[in-house]
Enquirer: 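Quick one: this structure, given as structure tokens, is what I'll be asking you about.
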Amino acid sequence: MTSRGGEAPLWQVRGVALSLARPVVMGVVNLTPDSFSDGGRYRDVAHALDQAEAMVRAGAGIIDVGGESTRPGAETVSAGEEADRILPFMEEGARRLGVPLSVDTRKADVARQALDAGAAIVNDVSALAFDPAMATTVAGAGAGLVLMHMRGGPADMAARAAYEDVGAAVAAELAEAVERARSGGIPDDAVVLDPGLGFAKEADHNLALLADLGPLRALGFPLLVGPSRKRFIGAVTGAPPEGRLAGTLAACVLAYLEGARIFRVHDVEPAVQALAVAEAIAAGRRDPREEGSRP
Ligand code: HH2
């Protein structure tokens with residue numbers, strides 16, 4: 001591999017070693033009535049399962065399922081309500097979909113029930129800061145874990161978007177999250193890191209992070225990015241959420257070249273295609289530092 005990423009790691013998710021040798025697309029299924037980008041459309045479980053099956057056919061390697069919106073200012077929902085929204089999908093999806101399911105939650109209670117229903121990965125946008133029981137829940141199930149960077153919660157994160165050096169700060173705060181994971185007994189090979197695009201970040205912070213994932217790469221964990229339809233793409237282009245696909249793909253491709261290996265997106269098929277082309281081009285690239293040293 002000539003794009004930046006070092007050797008191809010494996011991500012251990014409940015007994016399955018997920019290869020990150022090739023880019024992995026994580027398809028988003030939001031079972032929330034108020035998600036900013038596909039609000040309410042997936043509420044019907046049968047429809048959501050059909051959508052997820054279509055994502056898998058299009059090449060999704062993971063399906064990420066959420067029952068609580070985390071957009072700025074969104075209201076928190078109770079663990080009971082969140083579990084009610086996602087469990088029917090998890091139970092049926094674990095049987096039908098044939099790819100690892102991830103649960104997008106900050107609550108250990110919800111994660112435990114989702115893992116019991118067949119989820120393999122916990123995607124915690126609070127990076128284990130919200131619920132002190134989350135680390136042991138993940139460790140106990142041998143689940144994979146996404147540690148995503150944010151500050152505060154959806155209610156106050158916008159006010160906390162102040163950084164001198166956003167890459168260094170996000171890396172330092174993710175390193176603390178890694179320590180929380182280790183203290184809870186989660187092995188390093190179960191962990192993936194995510195800069196948390198749009199979470200406690202202004203548009204410029206997101207762009208700076210995507211321009212240089214070096215400080216995050218230096219932590220030595222696989223990287224996931226979730227640029228899909230986000231506001232910073234609108235800030236650059238003026239496009240509304242449903243018109244941000246091309247911007248999303250640009251962000252995915254550049255993040256891939258910066259070493260990201262997992263891409264959380266709503267539009268799976270275009271992302272799979274864009275990343276396949278990026279991968280094919282990157283594979284043929286010569287590292288200029290090697291020029292002249294070849295036989
Ligand atoms: N972004 C959102 C939600 N979960 N998880 C990770 N790991 N990384 C992300 O960037 C990320 C995430 C927000 O996007 P969306 O799911 O479309 O919105 P909502 O939170 O309103 O459901």
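Throughout, residue positions are numbered sequentially from 1 according to the sequence presented. Each ligand, and each atom within it, is numbered from 1 in the order the structure gives.
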Enquirer: Out of N206, D194, T70, whose heavy atom is nearest to atom 7 (N) of ligand 1?
Expert: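 Going through N206, D194, T70 one by one, D194 has the nearest heavy atom to atom 7 (N) of ligand 1.
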Enquirer: Between R264 and D64, is the closest basic N to carboxylate O distance under 4.0 Å?
Expert: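 R264 and D64: salt-bridged.
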Enquirer: Counting neighbours of CD on Q273 that are heavy atoms of other residues, nucleotides or ligands and sit closer than 6.0 Å, is the number greater than 12?
Expert: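 At most 12 heavy atoms, drawn from other residues, nucleotides or ligands, come within 6.0 Å of this atom.
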Enquirer: Looking at E179 and R182, is there a salt bridge between them, counting it only when a charged N and a carboxylate O are closer than 4.0 Å?
Expert: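 A salt bridge links R182 with E179.
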Enquirer: In terms of atom number and element, which parts of ligand 1 are under 4.0 angstrom from non-hydrogen atoms of V125?
Expert: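 Counting atoms of ligand 1 from 1, those under 4.0 Å from V125 are 4 (N), 5 (N), 12 (C).
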Enquirer: When you compare ligand 1 with D64, is there at least one nitrogen or oxygen pair between them that comes in under 3.5 angstrom?
Expert: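 Min N/O separation from ligand 1 is not below 3.5 Å for D64.
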Enquirer: Relative to the heavy atoms of V146, which atoms of ligand 1 are at a distance of less than 4.0 Å?
Expert: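 With V146 as reference, the close atoms of ligand 1 come out as 7 (N).
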Enquirer: Taking only distance into account, with no hydrogens and no angle test, what donor-acceptor pairs under 3.5 Å do side-chain atoms of residues 248-255 form with protein atoms, sequence neighbours excluded?
Expert:
residue: T248; atom: OG1; partner: R229; partner atom: N; Å: 3.0
residue: T248; atom: OG1; partner: R244; partner atom: O; Å: 2.7

Enquirer: My understanding is that only one of Q113, K107, R106 makes a side-chain contact (heavy atoms from CB on, under 4.5 Å) with E82; could you say which?
Expert: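 When Q113, K107, R106 are each tested with E82, the side-chain contact (heavy atoms from CB on, under 4.5 Å) holds only for K107.
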Enquirer: Is any side-chain heavy atom of E258 closer than 4.5 Å to a side-chain heavy atom of L210?
Expert: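 Side chain of E258 against side chain of L210, heavy atoms only: no contact under 4.5 Å found.
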Enquirer: At a non-hydrogen distance cut-off of under 4.0 Å, which region of R229 contacts ligand 1 (side chain, backbone, both, or neither)?
Expert: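 The answer is neither.
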Enquirer: Salt-bridged, R85 to E68, with N to O below 4.0 Å?
Expert: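 No salt bridge links R85 with E68.
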Enquirer: Looking only at N/O atoms, are D104 and ligand 1 under 3.5 Å apart anywhere?
Expert: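 For ligand 1, there is an N or O atom that lies under 3.5 Å from one belonging to D104.
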Enquirer: If you measure from each heavy atom of H266 to ligand 1, is any distance below 4.0 Å?
Expert: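 True for this residue.
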Enquirer: Number the atoms of ligand 1 from 1 as they appear, then name those within less than 4.0 Å of a heavy atom of G226, with their elements.
Expert: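 Those of ligand 1 that fall under 4.0 Å from G226 are 10 (O).
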Enquirer: Should the proximity of V225 to ligand 1, defined as any heavy atom under 4.0 Å, be assigned to the side chain, the backbone, both, or neither?
Expert: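 It is neither; nothing of V225 touches ligand 1.
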